[in-house]
Amino acid sequence: MEKTLDLDSFDTNKGNEDVSAESIKVQKEKVGVPIAIELAKKQREISVAEFFEKNRHLLGFDNKKKALLTTVKEAVDNSLDACEEARILPELIVEITDMGEDRYRIAVEDNGPGIVEKQIPKIFAKLLYGSKFHSMKQSRGQQGIGISASVMYGQLTTGKPARIISRISPKYPTLELELKLDTVKNAPIIISQKEVEWHRDHGTRIEIDLEGYYVKGLQSVDEYIKQTAIINPHVTIIYQPPKDAQMMFVRVTNVLPDEPKEIKPHPYGLELGMLIKMIRYTEYKTLNSFLINEFSRVGSGTAKQICENSALLPSTSPKKISRDMAEQLMKGIKKTKIMSPPADCISPIGKELIEKGLKKEVNAEFYTSTTRPPSVYRGNPFIIEAALAYGGNMAADNTIEVGRFANRVPLLYQQGACAITKSIAKTNWRPYGLKQSAGSVPIGPCIIIVHMASVWVPFTSEAKEALAHYPEIIKEIRLALQEIGRELGKYLNKKSRLKKELSKVDFISKYLPHVSEALQEILKLDEGEKSRLEDHLRIVLEKSRNIKKDDLEELKKDFGPKHKRDDIDIDSLEGELDEETELEDEYEDSDDDENGEDDE
């Protein structure tokens, strides 16, 4: 006999745990209650902080080692941006203290402008809060996530709040706040706030306790600090690692980078949805004024041409533009020739300074660098810079070192996924003197650094670890690499030629005495005549070799500790050539006086 069940019989409080969810679904649908109604009760809005709390790997907190680096990086980036915006030469103190049991205290202190009291909680304990997301100019930070995500990671792993000290002027008190982040509301929680004494007139200090793992190597905090000093030659950093002695990276220039200017979007970088959004929220009354005032490089003549190519009247009200009309406008923009966006929104390092920064931290025998002209991807201007150091104490049989940078920030992770690495591997380095297998990074005693400066750097993820593979960007990187590669090739060719010339000096010194002795026996010369003959032969051979003193100076530089020669002394060789030059002059004078006696 079939048994009929009531819905109440599925109450889990009555101990009917053995009844499956599928049975509940079937029975509820029998009585006319759609399962979608029950499922809808479980749906709710997700806080952005809750999302990143569960997906912190997207922000660079994959593991303890990487979390330590990411926290230092985000704090340093914020400090450098603040100092440069206030036109203050940055002086940073970075401290990592080992608290035991894989816990560390990260402290980053700067001499920047400080932060006003009302903004401190939001800047450090609210995700997606900042001033740079909508700004079209070069900066290190972009999304307003980084430092607040570090605070969130610290409270997740240790339960402790972040401690912030900030002062905006000697006339204002120094504030100390302890903050946590409410991940449900994505809002700051102020644990404590008080006024304290501080030695700085202005600046900010942040301390975060977190779980981490300190190591040395290519993906360590030590390497990040070193590369930051290379790519920011105007910065002084005092770095205290958890185990070793304090290190100081002193600036090599007292000149701040040019302040980038904010620009408006370029028409070529728009997509249809963004154009519709801009039309919807514009304050301008006509299409013509909208184009002139909302875009970069669009004047009255260009705006008129866009309207003609779009088959739209310049007097059309933006409020009346439909989706189809917006699509016409997009087609008209693509048909119109518009100047590239201005490059004053970008602040490149410059050929000389990037080379100075490299020389400061890398001991090599040859350096070269280049800065490419501005280019554009998706309407965003960008500049590629590259530098190379060769020789010195670097290993000749290892893969070259690659330094990747974006808006003056080192990129230490996801090297294989980056457009910079791809460009280096696709460039043919064999003509420039480096060994290379097909489609791979070359081998040799060399370090190559590539820097991209842009108003919007296209990273592959929110963690900002690798550049996206835009064709325009890859093209510019390869052109920059070819420029520094040609300079390296010239240097190595010249070095090879000079080595061959120098080997001739070895042969002259080694065999000339034997030749003169043989000629003495054949021609029956006395010792004085033999000595003069030997000097004359040496001068003739040196003339044919045509080695110069300037080249000898370069040889001195080339033959460092790695290339030391045991069989010849460069300094003595230079003195020997000076004596030979004097002898040549004496010989010519005596040759005139003796009326050709030597010829006989």
Side-chain angles (χ1 to χ4, degrees), residues 71-95 106-117 119-120 122-124 129-133 135 137-144 146-148 150 162 164-172 174-175 198-208 221 224-240 247-262 344-350 353-354 356-357 360 405-410 451 453 455 457 464:
T71 301
V72 172
K73 172 181 169 295
E74 295 296 348
V76 169
D77 288 355
N78 277 19
S79 293
L80 292 178
D81 271 343
C83 290
E84 290 173 9
E85 285 182 14
R87 310 309 291 164
I88 298 170
L89 277 170
E91 294 178 4
L92 273 59
I93 299 173
V94 180
E95 300 169 354
I106 306 294
V108 177
E109 181 179 321
D110 64 58
N111 64 330
I115 305 169
V116 296
E117 178 181 353
Q119 296 295 331
I120 293 174
K122 294 179 181 179
I123 288 173
F124 291 100
Y129 183 87
S131 60
K132 300 161 189 168
F133 185 79
S135 176
K137 68 175 183 179
Q138 178 184 335
S139 66
R140 292 173 182 82
Q142 289 182 337
Q143 297 148 340
I147 193 63
S148 49
S150 300
I164 294 94
I165 299 173
S166 190
R167 191 179 192 182
I168 60 174
S169 168
K171 298 179 181 179
Y172 286 79
T174 301
L175 297 175
W198 202 32
H199 63 282
R200 290 194 183 275
D201 291 338
H202 52 80
T204 301
R205 178 183 176 92
I206 178 169
E207 296 178 4
I208 302 175
V221 177
Y224 166 77
I225 297 293
K226 175 186 172 182
Q227 291 196 17
T228 299
I230 290 174
I231 211 69
N232 295 277
H234 61 292
V235 175
T236 292
I237 302 176
I238 300 171
Y239 171 50
Q240 179 59 66
M247 293 182 277
M248 180 175 283
F249 301 85
V250 182
R251 66 172 62 94
V252 295
T253 178
N254 291 320
V255 180
L256 280 162
D258 294 335
E259 186 175 8
K261 298 179 181 178
E262 188 171 351
D344 55 3
C345 57
I346 307 172
S347 178
I349 301 163
L353 284 180
I354 197 171
K356 277 186 179 180
K360 181 181 70 167
F405 302 89
N407 284 354
R408 300 175 185 264
V409 178
H451 173 236
V455 297
V457 178
K464 298 186 288 187

[atom1]-[atom2] distance between [X] and [Y], expressed to the nearest 0.5 angstrom:
X	Y	atom1	atom2	result
Tyr129	Gln119	OH	CD	3.5 Å
Lys122	Ser148	NZ	OG	13.5 Å
Asp201	Thr174	CG	OG1	9.0 Å
Ile231	Ile354	CD1	CD1	4.0 Å
Glu74	Ile106	CD	CD1	12.5 Å
Glu207	Glu109	CD	CD	9.0 Å

Discussion item. Between Val76 and Tyr224, does the side-chain contact (heavy atoms from CB on, under 4.5 Å) criterion hold? Intermediate values first, please.
Written reply: CA-CA 10 Å; Val76 169; Tyr224 166 77; 3.5 Å; yes
Note, [X] side chain near [Y] side chain (heavy atom, < 4.5 Å):
X	Y	answer
Asn232	Glu84	yes
Arg87	Glu259	yes
Ile225	Met247	no
Pro410	Phe405	yes

Taking [Y]'s backbone N and O only, do any of them form a donor-acceptor pair with [X]'s side chain (distance below 3.5 Å, no angle check)?
X	Y	answer
Arg140	Asn78	no
Ser166	Ile115	yes
His202	Asn111	yes
His234	Val252	no
Ser347	Asp258	yes
Thr236	Arg251	yes

Of [options], which meets side-chain contact (heavy atoms from CB on, under 4.5 Å) against [X]?
X	options	result
Gln138	Arg408, Glu262, Lys261	Arg408
Leu80	Val409, Asp110, Leu92	Leu92
Tyr239	Val94, Ile93, Thr228	Val94

Write down the atom of [X], the atom of [Y], and the distance for their closest heavy-atom approach.
X	Y	answer
Ala406	Val457	CB-CG1, 3.9 Å
Cys83	Pro113	N-CD, 4.3 Å
Ile147	Phe124	CG1-CD2, 3.8 Å
Cys345	Pro260	O-CB, 3.2 Å
Arg167	Trp198	NH1-O, 3.7 Å
Ile168	Gly114	CG2-C, 3.8 Å

Discussion item. Does Asn407 form a side-chain contact (heavy atoms from CB on, under 4.5 Å) with Lys464? I'd like the steps, not just the answer.
Written reply: CA-CA 11 Å; Asn407 284 354; Lys464 298 186 288 187; over 6 Å; no
Item to complete: Evaluate side-chain contact (heavy atoms from CB on, under 4.5 Å) for Arg205 paired with Arg200, printing each intermediate quantity in order.
Response: CA-CA 10 Å; Arg205 178 183 176 92; Arg200 290 194 183 275; over 6 Å; no
Worksheet item: Could you go step by step and tell me if Lys356 and Thr253 meet the side-chain contact (heavy atoms from CB on, under 4.5 Å) rule?
Response: CA-CA 9 Å; Lys356 277 186 179 180; Thr253 178; 5.7 Å; no
